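Accompanying notes for the structure given below.
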Amino acid sequence: MVDNREQDWKEEQQRVTGITKLLAAHIRRLSEELGLHRSDVVDMRKDFWEEVTVNFSSPDDLGETSTSLRQQAQILNERERHHLQSSKALKKYKKLVVSPYFGRIDFSETPGGGTEQIYLGIGSLMEDNGTFLIYDWRAPISSLYYDGAPGPASYETPGGLVSGTMDLKRQFVINDGTIEVMFDTGVTIGDELLQQVLSHSADDRMKSIVATIQKEQNAIIRNDRARMLVVQGAAGSGKTSAALQRVAYLLYKYREVLQADQMLLFSPNPLFNSYVSTVLPELGEENMQQTTFQMYLEHRLGQEFQLEDVFNQTESLLNAPDGPEASIRREGITYKSSVAFLDVIRRYATLLEREQMLFKPLVFQGRVVVSKEEMAQQFYSYDPAIKLANRIDLMTTWLLKKIAEFSLEEREAPWVEDQIELLDSSDYHRAYQMIRRKKGGTGESFDDYEMEKSSLSRYVISQRLKPLRGWTKRGRFVDVKGLYATLFSNRLLMESLNGSEVLPAAWDDICRQTLASIVVNELAYEDATPFLYLKELSQGFRTNTLIRHVIVDEVQDYSPFQLEFMRRLFPRAKMTVLGDLNQAIYAQGEVLGDLAGLVSVYGEENTEVISLTRSYRSTYEIVEFTRSMIPGGERIVPFNRRGEEPLLHVVNSEPELLSFVEKDIRELHAKGYHYVAVICKTAEESARVHAELATRLPVRLVTKDTPNFQKGTLVLPAYLAKGVEFDAVIIYDGSGKQYGRENERKLFYTACTRAMHLLHIYCLGEPSRFIPAGKNESVTAGSL
């Protein structure tokens, strides 16, 4: 007699086999169609003009030609659109044929509805009669799988709430048409499936988690109410992965009005961009735009200044000895990242509408065309009610007129005649074409010498003044550098703008450090956003209304000033921000403080906060070890995946340390751990350790410019390991000398929480005080 489980397995396997055959048939049919479509499109493009009757003899003939062109273009566009749709369908079927679905729920709608078997996969599949064989995981009914349990259940649809009873919740692992794992489960995704997924090796790409989405993660994915969704998640809680599934869900739900290029991810570094680059394509969606905040700053300010980035800022602070200069720098970062300084910049912009505006003169070949005094006089001659940015628009128009007047005055200048003599044949031809266009394309040539000279003079002056006109149109006549420097050279002004706030105790020294950088056209990282904000307020704010959703990962590393700037930069966008306040390792991130700093960006009424406390990345032993390093760590709940206890090993010299690390790496690879990280404190230490290890075994150095994540042993600074994970992590030197200052606690915690399966900490001397008291007895000490 066959028991029920064996019979269920047999029936489910029969269904999988049938679905796989159907998908294989679709793949064959579409592959053949696409070959034909591709040939048709190529032929149509090649023969496009042969199919069009071209005749411009009369208005009627012209109309007929226009109609013929339009019809042929429509046919071509329709063929190309059909080809694109078929290509997308083929990609989806090729993914589904490997693993058609991962879940099943049996749901009976009440009152009086029959029981429907609902199978969930990464894409939908329908029969010819419209019956769903597989539902897309993002469909409204699919939320039952993630949120519901057998018994009374309901789900939201565009038409309202649907209620009923869930009779069954089943999970599968299917590979190449064969069911490998099948079990029935209760409220959450079963531990069996999670254990299987989490026990795998790390990878150079983040994996899709649609089969293992938990109830709390599903709340993130399907939330489309909040203007700003804040996700505070413990290390390894799946917040980034859930956010990427959220993007896929939004693209699915709003596919008629939302495109992938209208969504933007701000990630912590280029390496992270590579790490998450395949998640959306795996789900059948195009990748959204990805950038870093530093890349945006470089785009806006890189031509004016040598910009410091957050990594160099962090490197200088970590390597700086304790002393007054480091303390002054930190105090300056704290103030310049604050809402108080944001308010100062806003008040300053209002003041500039009345007085103290600074300009740069318009200069041509060493001659002043319009002086900065003339500009100031013109600027303050406008109606005081006109806002600053609008006045700059008026100034731009006025200055362009001044340049036009200057060009007329210069026509007989000796330098113009000299330049005409230097024109080569190509310049002469361009001048002729320019004159011809201005005359309406009549084809007239130069009639005489005077006409030729006059025309060439206009051409020469126009070309030589072109950079000055461009400079003016970009608002470069506003002396933003001078305006920003004034804030640090005029203490009385700053005190008046600072209102009831008190300037930092080291303000005079902060000013000294700031002005020393500005003078040599360098801009510290903490100055870049305030400078750009002042530039926008004084020259006209550049907003991006095309972006409809912004995702900010590692938000704890942004300052309140930077988040407010983003909010203003993308005025039509909703925002999803992800972070862990316990991993705030950059100086300006410390200013954000707690969740209240995030909620204030859009206001409490427009913000929802979701906390993820369960950690899935690391083994139970690693989470138990690391959560004791930080305040509030007791709220982190480890997933019950058992492994080895973290290893703590104290050595007496660097040669001994290198030998142990080398031996450890070899043993880890021999055990099948393909992704091993040797995490150092700084880039300077990483480069030194890499140079030593590279003479002994294959290792790769990761820098802030490393474009992708690769298999093997990586040597990298702790702050570049954020957001990624490794099979095994070796902390190169976890001694108190390396990680002793309080502001290094979170850096140490971040480094240790990168480990999925094994964590080995080496200490050159006394271990860091952040290794929890009482833990030393539970970890291995001594020789390997």
Side-chain angles (χ1 to χ4, degrees), residues 95-96 98-105 118-123 134-139 141-150 166 168-175 179-203 205-223 231 233-249 252 275-276 278-280 282-285 578 610-620 623 636-643 723-725 727 756-757:
K95 288 186 176 74
L96 286 175
V98 177
S99 180
Y101 42 84
F102 53 80
R104 166 186 166 183
I105 49 177
I118 297 154
Y119 288 83
L120 286 72
I122 63 167
I134 305 172
Y135 281 86
D136 191 291
W137 66 276
R138 296 165 290 187
I141 199 169
S142 301
S143 64
L144 287 170
Y145 174 77
Y146 300 113
D147 293 340
M166 188 194 299
L168 176 73
K169 184 172 182 177
R170 179 169 289 170
Q171 292 174 247
F172 306 92
V173 175
I174 301 170
N175 193 23
I179 298 175
E180 296 180 350
V181 178
M182 185 185 94
F183 52 87
D184 296 345
T185 187
V187 178
T188 58
I189 307 305
D191 282 1
E192 299 98 318
L193 184 55
L194 267 174
Q195 287 281 10
Q196 186 182 71
V197 172
L198 296 171
S199 62
H200 286 172
S201 173
D203 204 343
R205 296 286 186 269
M206 181 174 282
K207 304 178 187 77
S208 167
I209 61 164
V210 293
T212 59
I213 292 169
Q214 302 297 291
K215 185 173 182 178
E216 64 272 21
Q217 294 168 332
N218 197 43
I220 295 167
I221 292 167
R222 294 177 187 262
N223 184 307
V231 181
S237 58
K239 52 187 178 292
T240 300
S241 204
L244 294 172
Q245 320 298 317
R246 171 171 168 76
V247 171
Y249 169 76
Y252 173 84
Y275 185 60
V276 302
T278 59
V279 174
L280 287 173
E282 277 182 12
L283 297 172
E285 300 290 353
L578 324 157
I610 297 177
S611 294
L612 301 177
T613 57
R614 184 175 292 272
S615 180
Y616 298 97
R617 173 189 297 135
S618 307
T619 61
Y620 179 91
V623 175
I636 299 172
V637 181
F639 180 71
N640 192 24
R641 179 172 65 86
R642 309 301 299 211
V724 295
E725 60 191 21
D727 291 330
M756 289 180 64
H757 307 299

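Computed from a prediction, not measured in an experiment: that's the story for all the values here.
Rounding to the nearest 0.5 Å gives a distance of 5.5 Å between CZ of Arg641 and CE of Met756. If you take OG on Ser241 and CG on Leu578, they are separated by 11.0 Å, rounding to the nearest 0.5 Å. Ser142 contributes atom OG, which lies 9.5 Å from atom CG of Asn218 (distance to the nearest 0.5 angstrom). Atom CG of Leu120 is separated from atom CZ of Arg104 by 12.0 Å, given to the nearest 0.5 angstrom. Here the CD1-CD distance, from Ile122 to Glu285, works out to 10.5 Å after rounding to the nearest 0.5 Å. Expressed to the nearest 0.5 Å, how far CG of Leu168 lies from CG of Asp184 amounts to 5.0 Å.
Within the 3.5 Å criterion, the main-chain N or O of Val637 finds no donor-acceptor partner in the side chain of Thr613. Here the side chain of Arg614 pairs no donor or acceptor atom with the backbone of Ala234 at under 3.5 angstrom. A donor-acceptor distance shorter than 3.5 angstrom exists from the side chain of Lys239 to the backbone of Gly233, with no hydrogens or angles considered. At distances below 3.5 Å, at least one donor-acceptor pair connects side-chain atoms of Arg138 with backbone N or O atoms of Ala248. Using a distance-only test at 3.5 Å, with no hydrogens or angles considered, no donor-acceptor pair links the side chain of Tyr249 to the main chain of Trp137. In this structure, Ser99 contributes its side chain and Asn175 its backbone to no donor-acceptor pair below 3.5 Å.
Among all heavy-atom pairs drawn from Val623 and Ile636, the shortest one is CG1-CG2, 4.0 Å. Of all heavy-atom pairs spanning Ile174 and Pro100, the tightest one is CG2-CD, 3.7 Å. In terms of heavy-atom proximity, Ile141 sits nearest to Ile105 at O-CD1, 4.0 Å. Between Glu216 and Ile610, the shortest heavy-atom contact is O-CG2, 4.3 Å. In terms of heavy atoms, Asn223 sits closest to Ala219 at CB-O, 3.3 Å. Across all non-hydrogen atoms, the minimal contact from Gln214 to Thr212 is NE2-O, 2.9 Å.
The aromatic rings of Phe102 and Tyr146 lie tilted to each other, with the angle between the two planes from 30° to 60°.
Between Ile220 and Gln245 the shortest side-chain heavy-atom distance does not fall below 4.5 Å.
Residue Tyr145 forms a side chain to side chain contact (heavy atoms under 4.5 Å, CB included) with just one option from Arg170, Gln171, Met166, and that option is Gln171.
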